[in-house]
2 protein chains.
Amino acid sequence: MRYKEIAGDVQRRVEAGEFAAGRLLPSEAELARAYDASRVTIRKALEELRHDGLVDARQGFGWFVAADPVRQTLGRLGTIEAQLEATGAVAERRILDFGFVKAPRRVRLHLGDDQVLRVRRINLADNEPFARVTVWVPERFGRVLSRDAVSAQPFYELLPVALGGATQTIGAAAASAEDAELLAIPVGSPVLRCERVTHDTERQPVLVSEHVFPAHRSEFVVELPNVEVDDASIAPSGLRLVD
Amino acid sequence: MRYKEIAGDVQRRVEAGEFAAGRLLPSEAELARAYDASRVTIRKALEELRHDGLVDARQGFGWFVAADPVRQTLGRLGTIEAQLEATGAVAERRILDFGFVKAPRRVRLHLGDDQVLRVRRINLADNEPFARVTVWVPERFGRVLSRDAVSAQPFYELLPVALGGATQTIGAAAASAEDAELLAIPVGSPVLRCERVTHDTERQPVLVSEHVFPAHRSEFVVELPNVEVDDASIAPSGLRLVD
DNA sequence: AGTGATACAAGTATAATACAAGTGTGCGAA
DNA sequence: TTCGCACACTTGTATTATACTTGTATCACT
């Protein structure tokens with residue numbers, strides 16, 4: 001059963017990235033020489049991989065890797081919740097506190113309001129905390145929100161406006177004593193700190209939130225679609241030096 | 001697939017401004033001689049670029065750079081260097097080492113090559129280090145790069161392909177002993193760690209790089225234009241839980 | 001059934017060539 | 001000066017040839 005061996009080996013090589021995605025594999029003739037097998041056997045192996053969707057071929061063109069196996073895993077990811085559920089984990093939101101407060105300076109700068117609803121909570125996956133989140137909502141929206149509603153539904157479903165996008169700032173920091181306890185990590189260990197301003201379709205800010213993630217459990221994936229800005233030489237685009 | 005290579009190279013040259021907007025490109029015959037390809041192949045490459053709106057041609061006149069060569073919004077945030085220079089700071093790249101190495105596993109997964117050029121360097125602003133960068137380049141590109149070239153120009157100007165985008169992963173970590181010394185920060189203090197895979201217009205990975213920034217000096221700004229995925233309730237989009 | 005060897009059909013990319021048709025330039029004639 | 005035209009050079013298009021690829025079939029051997 002030589003063709004199964006060969007199929008396995010080629011599959012391994014494809015998945016190891018030896019043949020980059022979308023690019024050509026060696027021709028059947030070359031593979032036949034390399035594996036010291038006949039073209040019939042090589043074809044049988046390749047056709048098995050084609051059936052699995054790993055590679056494909058066009059007559060007169062050649063064999064190529066069908067889809068980037070690496071990219072597939074990073075692929076488009078839905079919400080964190082959906083991703084968690086896909087893996088069978090149980091997502092939970094635990095509200096720490098809920099009430100109106102005087103807006104911190106940077107929140108007031110965005111929302112304008114002086115009084116805002118502040119909701120602090122912990123997000124858990126499979127009973128393990130993976131984020132500490134604080135959300136500030138303008139008073140006019142906050143008045144109609146209840147603690148129960150907030151714990152049951154995402155904010156974006158509760159707000160009476162259509163959301164148009166967001167700007168988020170990602171930084172690193174050392175875990176504060178409080179965050180460390182809430183997230184069950186050592187004080188001072190690295191965390192990802194993300195501040196987000198969500199705005200409606202008119203680009204009016206409607207939500208300010210801060211998210212803190214333990215570094216060992218989370219990372220961001222950002223797609224930079226058109227590279228105009230891209231200069232691998234300097235720094236990832238979007239980076240900003242502060243102070 | 002010679003014509004795709006040529007298309008990529010011409011695109012790069014156009015975007016690098018080698019042929020000013022509205023000016024003529026070399027004639028098909030000249031290009032054929034320069035690339036040592038037939039006119040058919042050159043035309044196929046140019047027609048691909050025409051289809052993308054980058055260039056156009058008139059019979060009897062020649063090929064020219066299209067009116068607006070899709071010079072997309074470089075506006076938002078220029079390169080870090082430009083930003084630094086705008087504030088009067090002096091940007092500098094200091095090369096730590098430059099040479100061919102066996103590709104680490106995750107680099108090989110993306111680039112396919114086993115032997116890659118690795119360039120490590122420190123980026124400084126006003127003599128203060130703000131990033132430690134490692135870049136891995138496939139052997140076929142690395143062979144034509146010199147240490148001097150790399151220190152003088154950004155990679156994206158040196159690679160003979162047109163870049164099409166990138167995927168970057170942002171995480172937090174504690175500074176290793178070496179990074180701490182290079183960046184002049186305490187060992188174990190939080191750093192932003194960014195891994196980027198830059199690909200060409202065919203979505204073929206051409207560059208893998210790792211960027212480490214001291215947390216106190218840097219943060220990422222990400223625009224989330226359309227919110228579909230956005231759930232302020234859960235987590236910033238693009239977040240991924242690891243392990 | 002699996003494998004090898006061979007042959008041929010059909011598709012693809014490229015090269016070489018030819019010719020039609022449009023554009024710009026320079027020169028000579030009016 | 002200005003018009004007209006040949007000339008060189010350009011892209012647009014087509015044809016032919018070649019080398020290489022996959023697709024498919026056949027026959028033989030174990």
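Proteins get letters first, then strands, A, B, ... in listed order; numbering begins at 1 in each. All heavy atoms count here, side chains included; hydrogens, waters and symmetry mates do not.
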As an exercise, state the distance from [atom1] of [X] to [atom2] of [Y], rounded to the nearest 0.5 Å.
| X | Y | atom1 | atom2 | result |
| --- | --- | --- | --- | --- |
| B:S27 | B:R33 | OG | CZ | 7.0 Å |
| B:H211 | B:T134 | NE2 | OG1 | 8.5 Å |
| B:R39 | B:T41 | CZ | OG1 | 11.5 Å |
| A:L46 | A:Y3 | CG | OH | 13.0 Å |

Close side-chain approach of B:I95 to B:R120, heavy-atom, < 4.5 Å: no
Sub-4.5 Å side-chain heavy-atom contact between B:R106 and B:W136: yes
Exam field: side chain B:D113 to backbone B:P138, donor-acceptor pair closer than 3.5 Å: no
Rounding to a whole Å, what distance do you find between [X]:[atom1] and [N]:[atom2]?
| X | N | atom1 | atom2 | answer |
| --- | --- | --- | --- | --- |
| A:R33 | C:dA5 | CZ | P | 13 Å |
| B:K4 | C:dT14 | NZ | P | 10 Å |
| B:E28 | C:dA18 | CD | P | 17 Å |
| B:L46 | C:dT14 | CG | P | 13 Å |
| A:W63 | C:dG11 | CH2 | C1' | 15 Å |

Residues forming a side-chain contact (heavy atoms from CB on, under 4.5 Å) with B:A57, sequence neighbours excluded: B:R50, B:W63
A:E30 atom CD: more than 12 heavy-atom contacts under 6.0 Å: yes
Show each protein N/O and nucleotides 20-22 of chain C N/O combination with a separation under 3.5 Å, one pair to a line.
{"unit_1": "C:dA21", "atom_1": "N3", "unit_2": "B:Q59", "atom_2": "OE1", "d": "3.2"}
{"unit_1": "C:dG22", "atom_1": "N2", "unit_2": "B:G60", "atom_2": "O", "d": "3.0"}

Neighbours of DNA chain C within residues 38-45 of chain A, by heavy-atom distance under 4.0 Å: A:S38, A:R39, A:V40, A:T41, A:K44
Residues that B:K102 engages under salt bridge (charged side-chain N to carboxylate O under 4.0 Å, His left out), provided they are two or more places apart: none
B:R58: partners by salt bridge (charged side-chain N to carboxylate O under 4.0 Å, His left out), with sequence neighbours left out: none
First-last contacting nucleotides on DNA chain D - partner chain B, under 4.0 angstrom, heavy atom: D:dT10 to D:dT13
